[in-house]
Number of protein chains: 2
Amino acid sequence: MEYVQELKIFENYLAENNMHLTRPRKVILQVFLQTEGHMEIEELFEKTKMVDKNIGRATIYRAMNLLVESGLAQENSLIEDKKCFERVYGRKHHDHLVCTRCKKIEEFHHPMIERFQEKTAKKHQFTLISHHMTLFGVCQNCNCNM
Amino acid sequence: MEYVQELKIFENYLAENNMHLTRPRKVILQVFLQTEGHMEIEELFEKTKMVDKNIGRATIYRAMNLLVESGLAQENSLIEDKKCFERVYGRKHHDHLVCTRCKKIEEFHHPMIERFQEKTAKKHQFTLISHHMTLFGVCQNCNCNM
DNA sequence: ATAATAATGAAATTGATTATCATTATCATA
DNA sequence: TATGATAATGATAATCAATTTCATTATTAT
């Protein structure tokens with residue numbers, strides 16, 4: 001079994017809340033961890049079906065919420081009107097750059113922006129919890145093929 | 001009739017697209033312009049009902065899309081799972097700071113952040129079109145009453 | 001005034017997500 | 001390792017915002 005750390009975190013979270021590490025949850029965790037980048041429910045549903053075709057969509061929704069609550073996953077709102085998840089444990093914080101034509105997603109991190117966000121929050125007397133920042137543009141490839 | 005500028009912009013946009021400035025559209029524009037801050041469809045629906053109780057929700061949805069397309073309105077995703085609009089014509093660009101407890105929304109503008117966003121896009125060879133940036137935190141008032 | 005066409009409102013539809021509920025699985029305890 | 005209390009599951013129904021459909025009405029160029 002790979003992803004020992006993540007499994008332990010999930011187990012702990014479940015135990016703390018009197019929940020069980022069931023087979024479907026194990027499968028969903030594995031599929032989630034093995035998927036690169038951003039993923040939608042439907043993609044996870046298709047992939048879990050390969051492993052166990054009995055796992056239903058509702059269970060995916062439920063399990064993904066648990067993964068977010070346990071700190072392993074993060075929900076992004078990159079896609080309009082759809083939930084979208086990505087790994088967060090063991091990965092550095094980053095924001096996103098989305099090509100509005102081909103939908104390609106790139107990640108970036110800008111420490112100065114983060115610092116200014118902190119300062120802005122302080123100036124408004126807010127205790128900063130998190131932020132969403134997404135830049136929308138046209139990538140080089142799409143720019144050339146216009 | 002107030003908001004001569006805005007009305008002219010809307011009229012132009014409609015004319016350019018072979019669409020008509022109808023009474024419902026006029027009413028919706030007025031209600032939209034007279035509403036401060038951020039508004040949801042339901043709020044606009046209630047307010048237009050005061051002026052003309054026959055205007056339906058579908059017409060509000062359709063008109064708001066036109067207002068966005070004409071550059072008078074902007075759609076924000078501050079509220080999960082719901083459309084949210086605000087005036088954009090004649091107002092300065094700004095981003096948002098949302099209190100996660102009382103849902104209060106404050107506006108801010110940070111030129112340095114904007115500049116770094118530009119630089120980041122350039123570095124990734126993206127032609128920047130727009131961005132979403134929202135900071136989530138707890139406002140002073142909510143912090144005290146915890 | 002009158003065609004040609006656009007817009008409307010009511011109702012139906014969509015599509016993602018959540019809730020329900022009977023059944024099944026899990027696990028601490030005996 | 002059996003048992004019973006409880007949690008989880010999957011199928012299905014329900015929800016809810018948003019969109020589409022469509023017969024009717026309004027608009028505008030002529």
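Just so it is clear: chains get the letters A, B, ... in the order the sequence lines come, proteins before strands, and each one is counted from 1.
Sorted by first and then second residue, the ring pair (Phe, Tyr, Trp, His ring centres under 6.0 Å) pairs involving residues 126-146 of chain A (not counting sequence neighbours) are His93(A)-His131(A), His132(A)-Phe136(B), Phe136(A)-His132(B).
Here Glu118(A) pairs with Leu128(A) under the side-chain contact (heavy atoms from CB on, under 4.5 Å) rule; sequence neighbours left out. For His94(A), the side chain to side chain donor-acceptor pair (under 3.5 Å) partners two or more places apart in sequence, or in a different chain, are Glu86(A), His96(A), Glu107(A). The ring pair (Phe, Tyr, Trp, His ring centres under 6.0 Å) test applied to Phe116(A) returns His110(B), not counting sequence neighbours. For Cys84(A), the side-chain contact (heavy atoms from CB on, under 4.5 Å) partners two or more places apart in sequence, or in a different chain, are His38(A), Ile79(A). For Arg115(B), the side-chain contact (heavy atoms from CB on, under 4.5 Å) partners two or more places apart in sequence, or in a different chain, are Met112(B). Residues passing the side-chain contact (heavy atoms from CB on, under 4.5 Å) test with Lys123(A): none are found, sequence neighbours excluded.
Phosphate contact (OP1/OP2 of dT17(C), side-chain N/O of Tyr61(A), threshold under 4.0 Å): present. A close approach under 4.0 Å does not occur between any side-chain nitrogen or oxygen of Lys83(B) and OP1 or OP2 of dC16(D).
Lys8(B) has no carboxylate O lying under 4.0 Å from a charged side-chain N of Glu11(B), or vice versa, which leaves the two without a salt bridge.
dA18(D) atom C1' lies 10 Å from atom CZ of Phe85(B), rounded to whole Å. Rounded to an integer number of Å, the gap from Asp81(B) CG to dT18(C) P is 7 Å.
Listed in residue order, the members of residues 40-51 of chain A having a heavy atom less than 4.0 Å from DNA chain C come to none.
Between its opening and closing five pairs, the helix from dA1(C)-dT30(D) to dA30(C)-dT1(D) changes axis direction by 30°, a value rounded to 10 degrees.
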Name every donor-acceptor pair, under 3.5 Å, that has one atom in a side chain of residues 14-24 of chain A and the other anywhere in the protein, sequence neighbours excluded.
unit_1   : atom_1 : unit_2   : atom_2 : d
Asn17(A) : ND2    : Tyr13(A) : O      : 2.7
Thr22(A) : OG1    : Arg25(A) : N      : 3.4

Could you tabulate the donor-acceptor pairs under 3.5 Å formed by side-chain atoms of residues 50-64 of chain B, not counting sequence neighbours?
unit_1   : atom_1 : unit_2   : atom_2 : d
Asp52(B) : OD1    : Asn54(B) : N      : 2.8
Arg57(B) : NH1    : Glu42(B) : OE1    : 2.8
Arg57(B) : NH1    : Glu42(B) : OE2    : 2.6

Quiz item: How does each nucleotide of nucleotides 2-15 of chain D score, in 5' to 3' order, for protein heavy atoms under 4.0 Å: base (B), sugar-phosphate only (S), or none (-)?
Solution: -----SSBB-----

